Student: 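Okay, handing you the structure first.
Residue numbers start from 1 in every chain, and the chains themselves are labelled A, B, ... in the order their sequence lines are given, proteins ahead of strands. Side chains included, hydrogens not; waters and symmetry mates left out as well; all remaining heavy atoms used. Predicted model, so just to flag it, every value in this text is computed and none were measured.
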2 protein chains.
Amino acid sequence: MKKTTIYDIAKELNITAATVSRALNNNPRISEDTKKLVQETAQRLNYKQNRVAQALKSGKSNNVGVVVPYINRNFFSNIIRGIEEELNPKGYHVIISQTHEKANKEIDIVQNLLNAQVDGILISISRQTSSDEHFVQVLEKNVPLIFFDRKKEIKGGSSVTLDDFDGAYQATKHLIEQGCQKIAHMTIDLSLLIYQNRLAGYKKALTDHGMTFKPEYVIGLQSEIVAGKDAAQKLMELPEPPDAIFSSTDLGALGAIQYLKEIGLKIPDDFCVVGFSNEPFTQFMELPITSVDQAPLTMGKTAAKVFLEQMDSEGVKIEKNVVLNPTLEIRKSSLKKGK
Amino acid sequence: MKKTTIYDIAKELNITAATVSRALNNNPRISEDTKKLVQETAQRLNYKQNRVAQALKSGKSNNVGVVVPYINRNFFSNIIRGIEEELNPKGYHVIISQTHEKANKEIDIVQNLLNAQVDGILISISRQTSSDEHFVQVLEKNVPLIFFDRKKEIKGGSSVTLDDFDGAYQATKHLIEQGCQKIAHMTIDLSLLIYQNRLAGYKKALTDHGMTFKPEYVIGLQSEIVAGKDAAQKLMELPEPPDAIFSSTDLGALGAIQYLKEIGLKIPDDFCVVGFSNEPFTQFMELPITSVDQAPLTMGKTAAKVFLEQMDSEGVKIEKNVVLNPTLEIRKSSLKKGK
DNA sequence: TTGTAGGCGTTATCAT
DNA sequence: ATGATAACGCCTACAA
């Protein structure tokens, strides 16, 4: 079945394609009669606008590219949900791609998206990413570029991020208020800004409350349960073991909890643990885990809104940096009785 | 900065755009010299193919539409990951949309995707969906239509589904083998085929092992923890309460476990519970939950492969229905000692 | 081996 | 209020 075009409608009505186009686009200087006629015929012939042709003509594809490390991570899939829900009603389609945390892949993807004439790119950079060139190219083509969560400082780019510093600060302060004296910190890849900021927030909370920062209380790991267990073990074997852990990941926190229970510690009485991300499982546990919520849905919606603003302000270049506030979800793993 | 086109390259080299196009597409009847020249100039001028123009010309957009109820459900985001990983290397972009389980939204989305000239649609239908028309339209336009997980029987459509019957059968059989005598079943929306099949598999396993099916042991609920608790309570208040539950969802299973623990039952000694979906949290629990794994990644990859096959077999209409086998992940919640 | 010309479907700019 | 025409960028018969 051939697709029907405006020419088919035109032929049917003995008018010209231009008129049909105008009628369909509600051009004011078309008689109501023809408009009606055209619309009816369009319906009858089952006409559908060809968005590709429109895109070629207008230079606008109505597609935006969204780039993340992995789609199936809870955090990212929530962000994407937010983006889709904000952009779909405005007529945009969301194209998703995964970098697998590889810089090369990211560069390829960005190139491909540009070739596909996307109207904007929303991205959370890969762990490996160090160069800027592909982002510069995006901006040179006047394609809006919005970073979310993991950003790259670049002139002309916008961003929506979480106040990781504050999240870590809240978490640490909460532990202090629970009476914890020796608070350790588990972190991940410190090459990423977000983890640096969490570390910084942790430090600041300590010193703000008259506690000294001890380097040996900071331990790096992969985001896995076993790694969390191992790290906890190392911490507990220190001459002066900690009495609380603020982990930059929930899986790390979970692993730590498992190890601490194994060696007979009572949580939260003997030891408090706080995670980061507020993964779904943290609230399902028998011992629910306190965690910093990153508001991914809001982050996605906000990133989409920033994109829309840029599209609206034709010509005027906007550079907007939104910082969202995290919320500490306090649960059993850090809530001492009587507090 | 204006985009460079093949005309710019042509002008630069005093040749014609057609030659440039051929050179870039590696047309055999172009001299190696010009090819090289063209490629160098393309590089130098930072030329990028315009995929929209190509799409208009060829009728192929190199975009596929993927439609799911919600992107952030673990099951769906894993499927999407599989699809993207399979299709990206082949040069396709993946457009995602969410139906929010609404039939209207689904119809709109499908229309929009068709307007956008997608080369294929991969979809898991909404709970509400009853009509077929939008799918018929897809097939009439010769656009490959592949259902995954939740399908609609329709001539010309392909599908990749899970053998839900078998998953339920395995789960129930496992409970029987553990010595459970009175096995209840928690289900969700029986208007969806998948839940019907799970119920059927449950029944068959019972009768195959000489146990009688009791309607009062089947209880419907929403997929929430509280609903699981309530349902478990109702079951336990029966004159003859069950000694095991096979739940069609993991959250239902979790809720049930929480209630059972509250009333002092020991799991798995007094009571066994099996869930469905193998959500990440099931393995993180202090009492890890046995669950049926749905192999979402494989499902996504398979759906993508089916789509690719259809694209390869130009003209020939293929209708393919793949059924994947679930795996029972046996964990503590159903594993009696000594078994 | 390369050039010419037309068309994919739409819209914007002239005319009429 | 409508028609004619060109253009978006690319590709491909057909010619040369």
Side-chain angles (χ1 to χ4, degrees), chain A residues 1-39 41-42 45-63 91 114-119 141-142 314, chain B residues 1-39 41-42 45-63 91 112 114-119 141-142:
Chain A
M1 201 161 112
K2 287 263 330 173
K3 290 155 195 159
T4 68
T5 73
I6 48 174
Y7 280 93
D8 300 321
I9 300 179
K11 212 179 294 170
E12 196 75 6
L13 296 173
N14 271 321
I15 53 177
T16 189
T19 312
V20 175
S21 169
R22 284 186 275 244
L24 290 171
N25 290 312
N26 244 309
N27 188 308
R29 33 194 212 165
I30 283 283
S31 76
E32 283 304 319
D33 293 352
T34 21
K35 261 187 205 172
K36 233 176 244 171
L37 225 54
V38 166
Q39 268 147 12
T41 329
L45 299 186
N46 193 27
Y47 167 78
K48 299 281 144 67
Q49 290 202 305
N50 184 330
R51 300 218 316 182
V52 171
Q54 283 178 320
L56 178 59
K57 178 68 186 163
S58 66
K60 281 203 45 186
S61 67
N62 284 305
N63 290 151
L114 286 180
N115 297 355
Q117 313 290 117
V118 292
D119 296 339
K141 301 217 176 192
N142 282 319
E314 207 85 39
Chain B
M1 202 164 110
K2 285 255 343 165
K3 290 156 193 157
T4 69
T5 73
I6 49 174
Y7 282 92
D8 300 321
I9 300 179
K11 212 178 294 171
E12 195 78 5
L13 296 173
N14 271 320
I15 54 178
T16 186
T19 311
V20 175
S21 169
R22 283 188 273 247
L24 290 172
N25 291 312
N26 246 307
N27 188 309
R29 32 193 215 169
I30 283 283
S31 76
E32 284 303 319
D33 293 353
T34 23
K35 261 187 205 172
K36 234 175 244 168
L37 226 57
V38 167
Q39 269 148 11
T41 330
L45 300 184
N46 193 26
Y47 167 79
K48 297 280 141 70
Q49 289 202 306
N50 184 329
R51 301 217 320 181
V52 171
Q54 286 185 132
L56 179 57
K57 175 68 187 168
S58 67
K60 281 203 46 186
S61 66
N62 283 306
N63 289 151
N112 277 327
L114 285 180
N115 297 356
Q117 312 291 117
V118 291
D119 296 338
K141 299 216 177 194
N142 282 318

Student: Could one point to a donor on the side chain of A/K57 or the base of D/dA7 with an acceptor on the other under 3.5 Å away?
Tutor: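 In this structure, the two groups form a donor-acceptor pair.
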Student: For C/dG9 and A/S21 - does any side-chain N or O of the residue sit under 4.0 Å from the phosphate oxygens OP1/OP2?
Tutor: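 False: A/S21 side-chain N/O out of range (4.0 Å or more) of C/dG9 OP1/OP2.
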Student: Identify whether any heavy atom of A/N14 sits under 4.0 Å from a base atom; if not, whether one sits that close to sugar-phosphate; answer base, sugar-phosphate or nothing.
Tutor: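 Sugar-phosphate, backbone atoms only, no base.
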Student: Nearest to the side chain of B/S31, which nucleotide is it out of C/dA5, C/dT10, C/dT1?
Tutor: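 When the side chain of B/S31 is considered, C/dT1 is the closest of C/dA5, C/dT10, C/dT1.
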Student: Round to the nearest Å and state the distance from B/I6 atom CD1 to D/dC10 atom C1'.
Tutor: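 In whole Å, D/dC10 C1' and B/I6 CD1 are 5 Å from each other.
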Student: Is B/S58 near enough to D/dC11 that one of its side-chain N or O atoms lies under 4.0 angstrom from OP1 or OP2?
Tutor: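 So the side chain of B/S58 is outside the cut-off, no N or O lying under 4.0 Å from OP1 or OP2 of D/dC11.
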Student: Could you state the atom-to-atom distance from CG of B/N115 to C1' of C/dC8 in whole Å?
Tutor: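 These atoms are roughly 17 Å apart.
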Student: Over all heavy atoms of both residues, which pair between A/V52 and B/A116 is shortest? Give the atoms and the distance, please.
Tutor: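 So the minimum-distance heavy-atom pair works out to CG2-O, 3.7 Å.
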Student: Can you find a pair of side-chain heavy atoms, one from B/I15 and one from B/V38, that are under 4.5 Å apart?
Tutor: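 Yes, at least one pair of side-chain atoms sits under 4.5 Å.
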Student: Given D/dT5, C/dT4, C/dT10, identify the nucleotide with an atom nearest to the side chain of A/A53.
Tutor: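 Nearest listed nucleotide: C/dT10.
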Student: Is a donor-acceptor pair below 3.5 Å formed from side chain B/R51 to base D/dG9, judging by atom type as modelled?
Tutor: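 No such pair is found, so the answer is no.
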Student: Quick one: A/K48 NZ to C/dT10 P, roughly how many Å, whole number?
Tutor: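 Distance, rounded to whole Å: 13 Å.
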Student: If we ignore hydrogens and angles and just use 3.5 Å, is the side chain of B/D119 paired with the main-chain N or O of B/S61 as donor and acceptor?
Tutor: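 Side chain of B/D119 to backbone of B/S61: a pair is present.
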Student: What does B/T16 touch in the nucleic acid at a heavy-atom separation under 4.0 angstrom: a base, only the sugar-phosphate, or nothing?
Tutor: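 If one applies the 4.0 Å heavy-atom cut-off, B/T16 turns out to touch a base.
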Student: Give the minimum heavy-atom separation between A/K35 and A/N26, together with the two atoms involved.
Tutor: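 Taking A/K35 first and A/N26 second, the nearest heavy atoms are NZ-OD1, 3.2 Å.
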Student: What integer distance in Å separates A/Q54:CD from C/dC8:P?
Tutor: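 That distance rounds to 17 Å.
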Student: Verify the contact: side-chain N or O of B/Q49 to OP1 or OP2 of D/dC10, cut-off strictly under 4.0 Å; return yes or no.
Tutor: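 Checking D/dC10 against B/Q49, no side-chain N or O comes under 4.0 Å of OP1 or OP2.
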Student: Does A/T19 make a side-chain N or O approach to OP1 or OP2 of D/dG3 shorter than 4.0 Å?
Tutor: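 Looking at the OP1 and OP2 atoms of D/dG3, one of them is under 4.0 Å from a side-chain N or O of A/T19.
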Student: Side chains of A/N25 and A/Q49: does their closest heavy-atom pair fall under 4.5 Å?
Tutor: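 Answer yes - side chains close enough.
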Student: Measure from OH on A/Y7 to P on C/dT11 and round the result to the nearest Å.
Tutor: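 Roughly 11 Å, once rounded to whole Å.
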Student: Within the 4.0 Å heavy-atom criterion, would you say B/T34 contacts the bases, only the backbone, or no part of the nucleic acid?
Tutor: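 Sugar-phosphate, no base atom in range.
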Student: I need the CG-C1' distance between B/L13 and C/dG3, as an integer number of Å.
Tutor: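 To the nearest whole Å, that distance equals 15 Å.
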Student: If I take atom CZ in residue B/R22 and atom P in nucleotide C/dT1, what distance separates them, rounded to the nearest angstrom?
Tutor: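 The distance from CZ of B/R22 to P of C/dT1 comes to 11 Å, rounded to the nearest Å.
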Student: Within the structure, does a side-chain N or O atom of B/N50 lie under 4.0 Å from either OP1 or OP2 of D/dC8?
Tutor: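 Result: no.
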Student: How long is the line joining NZ of A/K3 and P of C/dG7, in whole Å?
Tutor: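 Roughly 18 Å, once rounded to whole Å.
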